[in-house]
Amino acid sequence: MGPMKWSQTLIPTSRQVPAEAVVPSHQLMLRAGLIRSIGAGLYDYLPLGWRVLQRVMNIVREEMNDAGASELLMPALIPIEFYADTRRDVDYGDNLFRLTDRHGRSAALGPTHEEVITELMKAYVTSYRQLPLNLYQIQTKYRDEFRPRFGVLRCREFLMKDAYSFHVEVDGPGGLNETYDRMYAAYCRIFDRCGLDYSIVEAESGPIGGSASHEFMCNSPVGEDTILKSDKGNYAANVEKCAIGDRPHDLSGAPTGERTKVHTPNLPGIEGVSDFLKVKPSRMLKTIVWPWRAGERNGWVIAVVCGHHDVNEAKVRDILRDQVDRSLTLQTEGSEGAARAAGFAIGYVSPSAAIGRSACVVIADPDAAQGGFWATGADEMDHHVNHFNWKREVLDKGVQVHVADIRNAMDGDPSPLNDGGVLRASKGIEVGHVFKLGTKYSDAMGFAVLDEKQQKRSVIMGCYGIGIGRIIASAIEMNHDENGIVWPAPIAPYDVIITPIKYEGEAREVTDRLESQISQAGLDVLVDDRDERPGPKFKDADLIGIPIRLTIGDKALAQGCVEVVKRDGSLGKGEMVRIEEVVSRCRSSR
RNA sequence: CGGGGUGUAGCUCAGUUUGGCAGAGCGCCUGGUUUGGGACCAGGAGGCCGCAGGUUCAAAUCCUGUCACCCCGACCA
């Protein structure tokens with residue numbers, strides 16, 4: 001991208017940490033003059049920040065193209081009708097940015113482009129001979145986030161690479177799995193090149209739908225996602241998805257005492273009751289109620305976990321479908337109000353609430369399906385009970401209890417591989433996500449092709465996203481020190497910064513000559529030609545994190561040398577290098 | 001959307017309790033002295049105190065409304 005003089009561009013560095021920034025990457029991106037906020041979750045990318053973005057995009061393009069994908073560009077502004085068939089205008093909810101034009105037509109600012117690309121494909125692709133195809137774009141995406149935060153990590157407008165692949169088969173040559181694996185490998189190369197330390201975890205596919213997915217999680221304490229990894233190194237998953245290994249359960253244990261009711265006014269939450277009853281949350285049962293539906297039939301699901309655990313809705317949904325009755329679907333919208341209206345004492349529900357109700361499915365997590373002492377709700381407002389006992393209170397009253405893994409995994413839980421591994425929890429920034437979408441979109445939108453037997457076949461899809469801005473923030477999160485950013489070389493805004501102590505005389509001549517030579521060698525070089533004292537120049541060079549700094553001062557020049565300093569500290573305080581060797585040194589240490 | 005907080009100079013913030021000349025540091029401009037890790041001296045520019053009403057002789061300060069931003073939670077490909 002050529003050489004540049006500091007005085008001829010805009011790099012507004014700052015000593016002070018802006019008040020609104022709470023995480024290191026956000027603070028440093030502001031201080032180094034990479035970005036500027038113009039509103040909640042909206043950022044200018046200034047010249048330095050834009051250069052980093054372009055470098056990341058180039059890496060993404062190279063790897064995507066190498067993996068056989070073709071770039072295109074779709075609009076960010078999408079007529080709302082595109083979402084009608086897939087119902088995503090509803091399913092995506094308030095996060096979908098909506099607007100109305102002067103004619104009163106509704107549109108959305110695209111959060112992703114499944115519908116748009118499927119429409120495109122439907123228009124031109126009619127034969128299996130045209131498949132497989134893998135198309136991608138790098139485009140601004142929009143989400144009406146309730147709460148943008150952490151700088152570019154969660155904003156309302158952001159750059160994303162999104163790719164979509166189309167297949168007739170799942171397996172075999174040209175099948176979905178082949179492209180999925182290829183994307184998976186390309187993602188590894190992309191994140192490796194960007195200098196990220198990341199974990200690949202199994203993930204829920206979420207509102208986008210689909211059958212299998214992996215997330216690429218940058219390992220960082222500022223991440224908003226919780227991931228669990230087996231200490232055997234053979235399993236990793238997002239907490240939304242993470243299964244838990246086998247745990248013994250026993251519903252037949254003898255009561256520990258008389259079931260005694262206690263008045264617990266205005267204490268619907270576990271913590272309040274725990275304090276009040278002097279019972280640890282781990283000895284309390286938490287009971288959540290949802291309606292289920294199956295055509296015209298409906299009923300209730302009562303999910304029970306220990307007080308210190310969280311119910312995982314997706315797991316309950318899967319258990320209901322796979323182990324109870326395939327036709328049942330969980331209703332989560334407005335479930336609390338519905339349950340209240342049906343007479344459940346929300347906040348004070350116990351497993352006994354199933355007694356006397358038909359079509360009521362009780363599912364207990366193994367850790368909750370135990371004998372011993374339990375405190376739980378009394379199924380009436382403002383009351384709990386001590387000495388709840390599964391056999392006496394539930395089984396003997398004729399209620400069947402399913403025992404299954406229905407809670408979120410926690411640090412210390414057994415690995416689902418049941419190989420003695422223990423799950424360890426950590427935080428991650430989601431920088432990439434690959435999905436097997438299946439035929440969700442193609443079926444909804446009527447996209448099918450004829451196969452060689454003249455049979456109509458639903459097109460099988462995959463989709464693959466990468467957050468460009470998040471890569472940058474993540475790279476900074478894991479590559480900075482007290483002086484500023486330490487860019488991984490491939491995504492640094494410049495490869496070399498030349499810092500003349502004083503930009504005049506011989507120093508100026510040498511600076512200009514090196515600038516030109518280094519540039520011709522294919523490296524991007526920034527010359528700090530400002531009329532500043534050396535201190536601020538050094539501080540700024542450290543802050544913006546250029547990998548190689550050439551300091552040009554009288555001491556070194558007297559020996560025909562300049563000083564080479566590497567931002568990562570690998571050359572210590574610097575090394576004298578003869579002027580004629582500087583270019584090759586820069587090139588080799590890139 | 002619930003709870004909490006903040007809006008005053010380009011940036012970070014005092015001043016608001018108890019109404020009475022619009023402040024500091026950093027940055028910026030001019031001149032001078034400096035010049036290898038955020039210099040010093042002197043001078044200077046810069047504000048509709050978020051916005052709109054109200055109370056008052058007088059409002060950054062009190063009252064009402066409103067907008068924006070930040071934090072915690074909820075939410076989230």
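Below, all heavy atoms of this structure are taken into account, side chains as well, without hydrogens, waters or symmetry copies. Just so we're on the same page: letters track the sequence lines, and every chain starts at 1.
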From B:C70, B:C76, B:G38, nucleotide with atom closest to A:Asn95 side chain = B:C76
Listed nucleotide nearest any side-chain atom of A:Phe146, set B:C75, B:C69, B:G38 = B:C75
inquiry  = On the nucleotide B:A39, are OP1 or OP2 found under 4.0 Å from the side-chain N or O atoms that A:Arg533 carries?
reply    = yes
Considering only atom [atom1], compute the distance from [N] to [M] and round it to an integer number of Å.
| N | M | atom1 | result |
| --- | --- | --- | --- |
| B:G5 | B:A52 | C1' | 23 Å |
| B:C48 | B:G23 | P | 15 Å |
| B:U61 | B:G19 | C1' | 6 Å |
| B:G31 | B:A58 | C1' | 42 Å |
| B:A74 | B:G10 | P | 38 Å |
| B:U56 | B:G73 | P | 46 Å |
| B:G2 | B:U64 | C1' | 23 Å |
| B:C62 | B:G44 | P | 34 Å |

Whole-Å gap separating [atom2] ([N]) and [atom1] ([X]):
| X | N | atom1 | atom2 | value |
| --- | --- | --- | --- | --- |
| A:Glu313 | B:A74 | CD | P | 14 Å |
| A:Ile498 | B:G36 | CD1 | C1' | 17 Å |
| A:Arg147 | B:C69 | CZ | C1' | 12 Å |
| A:Ile497 | B:G37 | CD1 | P | 16 Å |
| A:Arg149 | B:C70 | CZ | C1' | 12 Å |
| A:Leu10 | B:G10 | CG | C1' | 13 Å |
| A:Asp554 | B:U35 | CG | C1' | 11 Å |
| A:Glu224 | B:G73 | CD | P | 10 Å |

Just name whichever nucleotide pairs with [N], Watson-Crick or G-U, keeping both distances under 3.5 Å, else none.
| N | result |
| --- | --- |
| B:U17 | none |
| B:A24 | B:U12 |
| B:C49 | none |
| B:A42 | B:U30 |
| B:G2 | B:C72 |
| B:U35 | none |

With sugar-phosphate meaning primed atoms plus P, OP1 and OP2, does [X] contact a base, only sugar-phosphate, or nothing at under 4.0 Å between heavy atoms?
| X | result |
| --- | --- |
| A:Gln16 | base |
| A:Lys502 | base |
| A:Glu563 | base |
| A:Asp542 | base |
| A:Pro12 | nothing |
| A:Phe158 | base |
| A:Asp540 | base |
| A:Arg549 | base |

Nearest-nucleotide 5' precedence on RNA chain B, A:Thr13 against A:Gly467 = A:Thr13
query = Given that A:Lys555 and A:Gly465 both sit by RNA chain B, which one's nearest nucleotide is further toward the 5' end?
reply = A:Lys555
key: Criterion side-chain hydrogen bond (donor to acceptor under 3.5 Å, both in side chains) against A:Ser213, the qualifying member of A:His433, A:Lys241, A:Glu202, A:Glu204   = A:His433
message = One thing to verify: whether A:Asp529 and A:Arg508 come together as a salt bridge, which I'm taking to mean a side-chain N less than 4.0 angstrom from a carboxylate O.
response = no
Could you verify whether a donor N or O on one side chain and an acceptor N or O on the other, from [X] and [Y], lie under 3.5 Å apart?
| X | Y | answer |
| --- | --- | --- |
| A:Gln139 | A:His113 | no |
| A:Asn219 | A:Asp197 | yes |
| A:Tyr503 | A:Asp512 | yes |

query = Has A:Asp44 got more than 12 heavy atoms of other residues, nucleotides or ligands less than 6.0 Å from its CG?
reply = yes
request  = Verify the neighbour count for atom CD of A:Glu575: are there more than 12 heavy atoms of other residues, nucleotides or ligands below 6.0 Å?
outcome  = yes
query = Do A:Tyr180 and A:Phe435 have ring centres separated by under 6.0 Å?
reply = no
